[in-house]
Amino acid sequence: MVKAYTQEHIYKHPWERVTSASWRKFADPENKRTLSHILEVDTLNHKLDPLSGKLYTTRALTVHAPGPWFVRKIIGQDICHCVESTVVDAQSKSMQLTTRNVSLKKYIEVEEKIRYEPHPDNPTGWTVCRQETSIRIKPLSALASMAEKVELRCAEKFMQNSVKGREVMERICKYLEAESRGISL
Amino acid sequence: MGFGKKEKKRSSDSQSTSPCAQLRTAYHNCFNRWYSEKFVKGQWDKEECVSEWQKYRACLSEHLDDKHLSRFLQAEGGVDLVSPADLRNPVDGSATGVSS
């Protein structure tokens, strides 16, 4: 029982700015209200390869458990830890984020992959974001009997949150654009 | 007096890293600046924010008691956690090192 969803979005901002915004997405206090399902973001690990220009980062996201109230009732907790692994290749200009839940795994596995790359039609000005979400209910879990419904509601929630995430990204990009104009005169 | 006892807003493990909030902000601010002003502009040869990172990390290792998360912290420089191969192949529970 796996459900997968793909979304694509084009940011009319250069890759450098969009990926900078991605790092700030959860941290900005102003966005905390919009992305209120994210409670904490901690960097657990990071490594820079100074020769190839690759940056590897592992962050922990503490999230309000996704899904409807009856799911929370079954699993008995309302927070969920996710681990986000990021690889940024500054040379080829690609950023790839993979987020998976590490708690509640006996019930459900959610994996979200996001990739930011320069848009082929305007590589220096635009960025394309491809997002792939897969949701899998464990077959023998307490959720299995209502898997269809749970997956659907989870997916709805994810879609809502990724729309909010895009709004936040656009806002930070605008802010960074203004900032860079101010600095570079 | 039943209501006198203040209910914690969140369960304790969600707050486990909040004592590090200040150090976290210092590190993230430094990282964000380095990322947008140096790393993406081709200056990736030198690691920065090292002292901010060390202070923040020391705090995390003291306060991060969630076992799911602390194993990621222990794997210092664990590039294999985030290697491109890992990104392509979803890791199942048995392969993530929980067993030990």
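So you know, we letter chains A, B, ... as the sequences are listed, proteins then strands, and number each from 1.
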Between Val41(A) and Tyr56(B), the two heavy atoms sitting closest are O-OH, 4.3 Å
Interchain contact, Leu55(A) with chain B, by part (heavy-atom threshold 4.5 Å)
both
Heavy-atom check, side chain of Arg100(A) versus side chain of Thr98(A), under 4.5 Å:
yes
Under 3.5 Å, is there a donor-acceptor pair between the side chain of Asn101(A) and the main chain of Cys82(A)?
no
What is the minimum heavy-atom distance between Arg166(A) and Gln7(A), and which atoms define it?
NH1-OE1, 3.5 Å
Given that the side chain runs from C-beta out, which part of Ser52(A) has a heavy atom under 4.5 Å from chain B: side chain, backbone, both or neither?
backbone
Between Lys46(B) and chain A, with a heavy-atom cut-off of 4.5 Å, which part of the residue counts as in contact: side chain, backbone, both or neither?
backbone
Just give me the residue among Arg17(A), Gln91(A), Lys93(A) that pairs up with chain B most often, heavy atom to heavy atom, under 4.5 Å.
Gln91(A)
